[in-house]
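Encoded as structure tokens, the structure appears first; notes follow it.
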There are 2 protein chains.
Amino acid sequence: MDARTQARYQTRAQVLKALAHPSRLFIVDQLAGGEHSVAELTAMLEVDISTVSKHLSILKTAGLVLDQRRGKQVFYTLQTPCVLSFFGCVETVLSARVQERIELAR
Amino acid sequence: MDARTQARYQTRAQVLKALAHPSRLFIVDQLAGGEHSVAELTAMLEVDISTVSKHLSILKTAGLVLDQRRGKQVFYTLQTPCVLSFFGCVETVLSARVQERIELAR
DNA sequence: CCTACGTTTGGCAATATAGCCAAGTGATGT
DNA sequence: ACATCACTTGGCTATATTGCCAAACGTAGG
């Protein structure tokens, strides 16, 4: 694998890495239903607001969400809704995993 | 977020985490074209074979690939090809990121 | 049985990630 | 100007991930 190819997969991996965290997946799922402020997401996640802010920063850097300040609040929206299609596939993967276990148990 | 919800996103995140590494993305991409042995993938990736074996183990645990021993070799195949659709969306995200930078530069 | 080959596993050090608290920033109202 | 609210950033520790080497394992052939 040459340096150029390596770099391409590295970049792609960064996007997936941004999604590969329970809280960040939850955030994306919530934003699918419309914009939310940091405080709103914090209330749902029940972790420190600084932690939520950092998660949002990671999603933003990855190009997955957009931030928009209105007054004192900052509202986040989903920038690339196609990531929602990941959820369906992930469920398929999980089903396959369950199927696998059933077959092993036989 | 209650414990049940937390667990659901945790499980989903595990699948994405398995994909969120350059070498593992490369492997998935290669397996899209058909089965490959550990040695073949090692030659392409140019890292230690034990490292490749561990990457494959992670993909297998996540339910993304299947292993099949034939003689001395072990061949891996893609178990859930829908993950290939991720690549398209990731490219969209990257395009959006580039677009973003252009607008900022103005 | 012994050896060779392909692969996996254990162990370790280097690096990256997650979450909290505390301090800083930006906007609003007094 | 000052205080307050909403959020971000810095700094820290705990935990997880990565990749190498070495050792173990499974299969096939002599």
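Owing to the predicted nature of the structure, the values given are computational and were not obtained by experimental measurement. Below, read A as the first sequence line, B as the second, and so on, with proteins coming before strands; counting in each chain starts at 1.
Taking atom CG on D48(B) and atom C1' on dT7(C), their separation rounds to 11 Å, with Å as the unit. Rounded to whole angstrom, the span from the CG atom of L56(B) across to the C1' atom of dG19(D) amounts to 14 Å. Summarising the geometry, the separation between CG on L19(B) and P on dT18(D) is reported as 12 Å, rounded to the nearest angstrom. When rounded to the nearest whole Å, the span between CD of E40(A) and C1' of dC5(D) equals 15 Å. In this structure, CD of Q6(B) is placed 9 Å from P of dG19(C), rounded to the nearest angstrom. Here dA4(C) presents its P atom at 19 Å from CD of Q73(B), a figure rounded to the nearest Å. Spacing between atom CG of L41(A) and atom P of dA6(D) amounts to 14 Å, rounded to whole angstrom units. Rounded to whole Å, atom P of dA24(D) lies 18 Å from atom CD1 of I49(B).
Side-chain contact between L16(B) and F86(B) is present, with at least one heavy-atom pair separated by less than 4.5 Å.
Side-chain proximity of S53(B) to dA27(C), dT7(C), dG26(D): nearest is dT7(C).
Contacts of F75(A) with the nucleic acid, taken as non-hydrogen atoms under 4.0 Å apart, are absent.
Using cut-offs of 30° and 60° on the angle between ring planes, the pair Y9(A) and F26(B) is perpendicular.
Taking the nucleotide of DNA chain C with the nearest heavy atom to each of K17(A) and E46(A), the more 5' of the two is matched to K17(A). With the nearest nucleotide of DNA chain D identified for both K54(A) and V74(A), V74(A) has the one nearer the 5' end. A residue-by-residue look at S57(B) and A20(A) shows that S57(B) has its nearest nucleotide of DNA chain C further toward the 5' end.
With hydrogens and angles ignored, a donor-acceptor pair closer than 3.5 Å exists between the side chain of S50(B) and the base of dC21(D).
For the pair R70(A) and F75(A), the cation sits on the ring face: its NZ or CZ lies under 6.0 Å from the ring centre, inside 45° of the axis.
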